[in-house]
Amino acid sequence: MPFHAEEHVRIVPVERLRPGDHAFASYADEASRWSTIGSFAQTGITRGERVLLFADPAVPETTVLEHLEAYGPPVGEPLESGQLKLLTMDRMWRPREISVERQMAGLRREVEAALREGYPTVRSAIDMAWVASYGADIERVLWRESKGCHYLFTDAHYTEICTYDETRFSGDVLDRAAAGHPTALLKRPGTLLALPLVEPGSGTYGLRLVGEADLSTREPFNDALRGIAGSEEPRVVLDLTELAFLDVHCARAVLRLAAEDGRRVVIRCDGIHAHTFLLLGALDIPQLTVEGE
């Protein structure tokens, strides 16, 4: 991959986005493009949010709807009610000429209108193909991404993902766009990413798992556990707070490692996963601590 997210960027699966998040996503093929957009939109519909979708202007609306329905129930009803809105980006600044300031102001008007109509939050998925389609200045767009749009997210009523086609943007632009967002998405829903968890001077081997831990990701999950077993630090911290899904087999594997390892092991996770560990016998492992959110 020709670019990377900076260390300060929070990497999450699309299902773990929170109100107020501004996230970078990229795709190299149609499957990864629509899996991210489809999961994002369907999650918003399920949660009762207003969903704004700015698809690639070259893609017909009928095709967009077909892709959305591949990741959830039919969207005819939310489309008819106005919960789901298919928009083109030029609507944000017309009838005046293009500018990123007007684009942001238009988005803010959409958010305010949705809140007046009773929606608790608003989310938008923006395919950045609009930049070339409408002749936007990429430098102004990158300024918008990194600095100019912060005010849209301050009240946590608005969530946005910006999806970049890796074949249309240079590596430098992708690097700068990724660095300009405080959050980045996994390349594809249903995958697993293992990241080091750095706690300087603590004598700790730390690992953070992001995505889904199940049968389809069993190989990278087992690799992560082998890395823990092979480490020599006296303490282990396994951060699972950004896991969207943890199956029972993987949870048991974590507990088995904690029981056999002998070192102090700390598992950080959300309440659902903490409950799973407790049901599977975490309290019977004296050197294990489960910290649930």
Side-chain angles (χ1 to χ4, degrees), residues 10-21 23 35-36 38-40 42-49 71-73 120-121 159 183 185-199 202-293:
R10 169 176 163 254
I11 302 175
V12 299
V14 66
E15 299 89 348
R16 302 287 288 186
L17 284 171
R18 303 172 300 206
D21 278 343
S35 62
T36 295
S39 298
F40 179 78
Q42 290 283 6
T43 298
I45 291 170
T46 300
R47 294 178 179 176
E49 302 176 3
Y71 294 92
T121 48
T159 307
T183 303
L185 298 184
L186 286 179
K187 293 279 289 182
R188 190 191 297 265
T191 56
L192 181 70
L193 180 65
L195 299 168
L197 183 67
V198 180
E199 296 187 356
S202 63
T204 296
Y205 182 88
L207 193 66
R208 182 161 66 98
L209 298 184
V210 180
E212 298 187 14
D214 56 19
L215 181 61
S216 65
T217 60
R218 193 63 47 80
E219 184 175 348
F221 180 82
N222 288 337
D223 286 343
L225 294 192
R226 281 192 287 269
I228 293 174
S231 67
E232 298 181 355
E233 299 291 352
R235 177 174 177 264
V236 173
V237 173
L238 185 58
D239 188 338
L240 308 180
T241 54
E242 298 297 353
L243 276 186
F245 182 76
L246 174 71
D247 72 8
V248 171
H249 177 94
C250 291
R252 284 199 177 109
V254 171
L255 293 182
R256 187 162 55 250
L257 180 144
E260 297 173 356
D261 191 276
R263 293 174 289 177
R264 184 184 173 201
V265 177
V266 177
I267 299 174
R268 297 172 182 162
C269 55
D270 65 17
I272 294 176
H273 296 153
H275 186 63
T276 298
F277 285 121
L278 293 176
L279 287 176
L280 293 176
L283 293 177
D284 297 328
I285 305 173
Q287 67 268 28
L288 172 63
T289 301
V290 178
E291 299 177 352
E293 290 183 344

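Given the structure is predicted, the values throughout are model-derived calculations rather than measurements.
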Kindly state each residue pair satisfying side-chain hydrogen bond (donor to acceptor under 3.5 Å, both in side chains) with at least one member in residues 272-289, sequence neighbours excluded. Asp270-His273

Within-4.5 Å side-chain heavy-atom neighbours: Leu207 and Leu225: no

Taking side chain as C-beta onward, heavy atoms only, is Ile11 less than 4.5 Å from Glu242? no

When rounded to the nearest 0.5 angstrom, what distance separates CZ in Phe277 from CD in Glu291? 12.5 Å

Do Arg268 and Thr241 have side-chain N/O donor and acceptor atoms under 3.5 Å apart? no

Going by heavy atoms in the side chains, are Leu185 and Thr36 under 4.5 Å from each other? yes

Salt bridge flag under 4.0 Å for residues Arg263 and Glu233: no

According to side-chain hydrogen bond (donor to acceptor under 3.5 Å, both in side chains), does anything in residues 244-259 pair up with another residue at least two apart or in another chain? List the pairs. Arg218-Asp247, Arg218-His249

In short, Leu186 meets Gly211 closest at the heavy-atom pair CD1-CA, 3.5 Å

Minimum heavy-atom separation for Asp21 and Arg16, please, with both atom names. OD2-O, 4.5 Å

Closest non-hydrogen contact found for Pro13 with Val210 is CD-CG1, 3.4 Å

Least distance between heavy atoms, Ala224 atom then Ala194 atom: CB-CB, 4.4 Å

The single option from Leu193, Leu238, Leu246, Asp239 passing side chain to side chain contact (heavy atoms under 4.5 Å, CB included) against Leu209: Leu238

If only atom types and distance count, is the side chain of Thr217 paired as donor or acceptor with the main-chain N or O of Glu212 below 3.5 Å? yes

Stepwise side chain to side chain contact (heavy atoms under 4.5 Å, CB included) check, Val254 with Ile267: CA-CA 9 Å; Val254 171; Ile267 299 174; 3.4 Å; yes

Looking only at heavy atoms, which two atoms of Phe221 and Ala213 are closest? And how far apart? CD1-CB, 3.8 Å

d(Leu215 CG, Cys250 SG) to nearest 0.5 Å is 8.5 Å

Determine whether more than 12 heavy atoms belonging to other residues, nucleotides or ligands lie under 6.0 Å from atom CD1 of Ile272. no

Calculate, to the nearest 0.5 Å, the distance between atoms CZ and CG belonging to Arg208 and Leu240 respectively. 11.0 Å

Identify the two heavy atoms, one from Thr159 and one from Pro19, that lie closest to each other, and give their separation to 0.1 Å. OG1-CA, 3.3 Å

